[in-house]
Undergrad: 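First the structure, which I've put down as C-alpha cells, then a few questions once you've had a look.
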Amino acid sequence: MKSLIILFFFFFTFGQNPNSNLIGKWKLLNIETEEKTIYPQKKDYYLTITKNSLNYNLEINGCGTEDFVISSDEIFLDFPLCTKICCDGRYDEISNYINYNGKYELQDSLLTIFNNKNKIFLKKQ
C-alpha cells in the first residue's frame with residue numbers, strides 16, 4: 001500500500017509537470033502558414049501554462065484544459081474545452097489558426113510551436 005501511495009504521489013507531482021521554463025504567460029506574436037504570416041489585429045492573444053492547466057483565448061472565446069502533456073520537445077492538448085459565446089475569426093482571422101499542439105522550441109523568451117499546418121511564435125510576458 002505504501003508503494004502505491006508513493007507511486008501515485010510521484011505521478012501527480014512529476015508526471016504531468018511541464019518544462020518549468022514554459023510555465024507562465026505567453027503573448028502570441030504571429031502565426032506563419034504556408035501562404036502568409038498573420039499578426040493579431042484586434043486584440044492580444046495569450047497562452048497561459050501552469051503546472052496543472054493550460055489556457056488560452058481566441059477572438060471571443062476562452063479555452064483551457066487540465067488534460068495536457070508537455071515533453072521535452074512537444075505540447076499535446078487532448079480536446080481543450082472552449083466557451084461558445086460567438087464566432088471566433090469573424091473580425092480577426094488569426095484566431096482561426098491558433099493550435100498549440102505540436103513540437104516546440106524555446107529560446108530565451110521566445111516560444112515557437114510547430115504543427116502540421118503552421119508555426120506559432122509567442123513571447124514570454
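The chain is numbered in sequence order, starting from 1.
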Undergrad: Pick from Ile98, Ile120, Leu122: which one makes a side-chain contact (heavy atoms from CB on, under 4.5 Å) with Tyr45?
TA: Ile98
Undergrad: Atom CG in Leu28, atom CG in Leu47: separation rounded to 0.5 Å?
TA: 9.0 Å
Undergrad: Roughly how far, to the nearest 0.5 Å, is CD1 of Ile113 from CG of Asn118?
TA: 9.5 Å
Undergrad: Using the salt bridge (charged side-chain N to carboxylate O under 4.0 Å, His left out) rule, take Lys36 and Glu93 through it: C-alpha gap first, then chi angles, then the decisive distance, then the call.
TA: CA-CA 12 Å; Lys36 59 189 170 182; Glu93 80 171 313; 3.1 Å; yes
Undergrad: Within the distance-only criterion (no hydrogens, no angle test), does the side chain of Lys124 pair as donor or acceptor with the backbone N or O of Ile23 below 3.5 angstrom?
TA: yes
Undergrad: Less than 4.0 angstrom from a charged side-chain N to a carboxylate O is my criterion; do Asp44 and Lys27 meet it?
TA: yes
Undergrad: Rounded to the nearest 0.5 Å, what separation is found between the CG atom of Asn55 and the CD atom of Glu66?
TA: 8.5 Å
Undergrad: Taking atom CG of Asn30 and atom OH of Tyr39, what is their separation to the nearest 0.5 Å?
TA: 5.0 Å
Undergrad: Please test Leu106 against Leu22 for side-chain contact (heavy atoms from CB on, under 4.5 Å), starting from the C-alpha separation and ending with a verdict.
TA: CA-CA 8 Å; Leu106 184 59; Leu22 291 178; 3.9 Å; yes
Undergrad: Hey, does Asn57 have a side-chain heavy atom less than 4.5 Å from the side chain of Lys43?
TA: yes
Undergrad: Would you say Thr83's side chain and Gly62's backbone share a donor-acceptor pair under 3.5 angstrom?
TA: yes
Undergrad: Under a 4.5 Å cut-off applied to non-hydrogen side-chain atoms, are Glu32 and Phe114 in contact?
TA: no
Undergrad: Working to the nearest 0.5 angstrom, can you tell me the gap between Asp73 CG and Glu105 CD?
TA: 9.5 Å
Undergrad: Given Ser72 and Asn19, is the side-chain contact (heavy atoms from CB on, under 4.5 Å) satisfied, shown in steps?
TA: CA-CA 7 Å; Ser72 61; Asn19 177 335; over 6 Å; no
Undergrad: Compare all side-chain heavy atoms of Asp67 with those of Leu77 and state whether any distance is below 4.5 angstrom.
TA: no
Undergrad: Can you confirm if the aromatic rings of Tyr46 and Tyr56 lie within a centre distance of less than 6.0 Å?
TA: no
Undergrad: Quick test of your reading of the model: are Lys119 and Glu34 salt-bridged, counting only N-O distances below 4.0 Å?
TA: no
Undergrad: Are Phe76 and Ser71 close enough that some pair of their side-chain heavy atoms sits under 4.5 Å apart?
TA: no
Undergrad: Where do Trp26 and Gln125 come nearest, in terms of heavy atoms and distance?
TA: C-CG, 4.4 Å
Undergrad: Side chains of Asp88 and Asn61: do they bring a donor and an acceptor to under 3.5 Å?
TA: yes
Undergrad: State, to 0.1 Å, how close Gly89 and Ser95 come at their nearest heavy-atom pair, and which atoms those are.
TA: N-OG, 3.0 Å
Undergrad: Check whether any side-chain N or O of Asp78 sits under 3.5 Å from a backbone N or O of Phe68 as a donor-acceptor pair, and report yes or no.
TA: no
Undergrad: Kindly indicate whether the side chain of Tyr97, heavy atoms from C-beta on, has any atom under 4.5 Å from the side chain of Ile38.
TA: yes
Undergrad: Run the side-chain contact (heavy atoms from CB on, under 4.5 Å) test on Leu110 and Leu29 for me, step by step, so that the C-alpha distance in whole Å, both residues' side-chain angles and the decisive distance to 0.1 Å come before the verdict.
TA: CA-CA 10 Å; Leu110 183 66; Leu29 300 175; 3.8 Å; yes
Undergrad: Under 4.5 Å between any side-chain heavy atoms of Tyr104 and Ile70, yes or no?
TA: yes
Undergrad: Evaluate side-chain contact (heavy atoms from CB on, under 4.5 Å) for Asn96 paired with Ile94, printing each intermediate quantity in order.
TA: CA-CA 5 Å; Asn96 293 323; Ile94 198 166; over 6 Å; no
Undergrad: Measure from the side-chain N and O atoms of Gln41 to the backbone N and O of Tyr91, and report whether any donor-acceptor pair falls under 3.5 Å.
TA: no
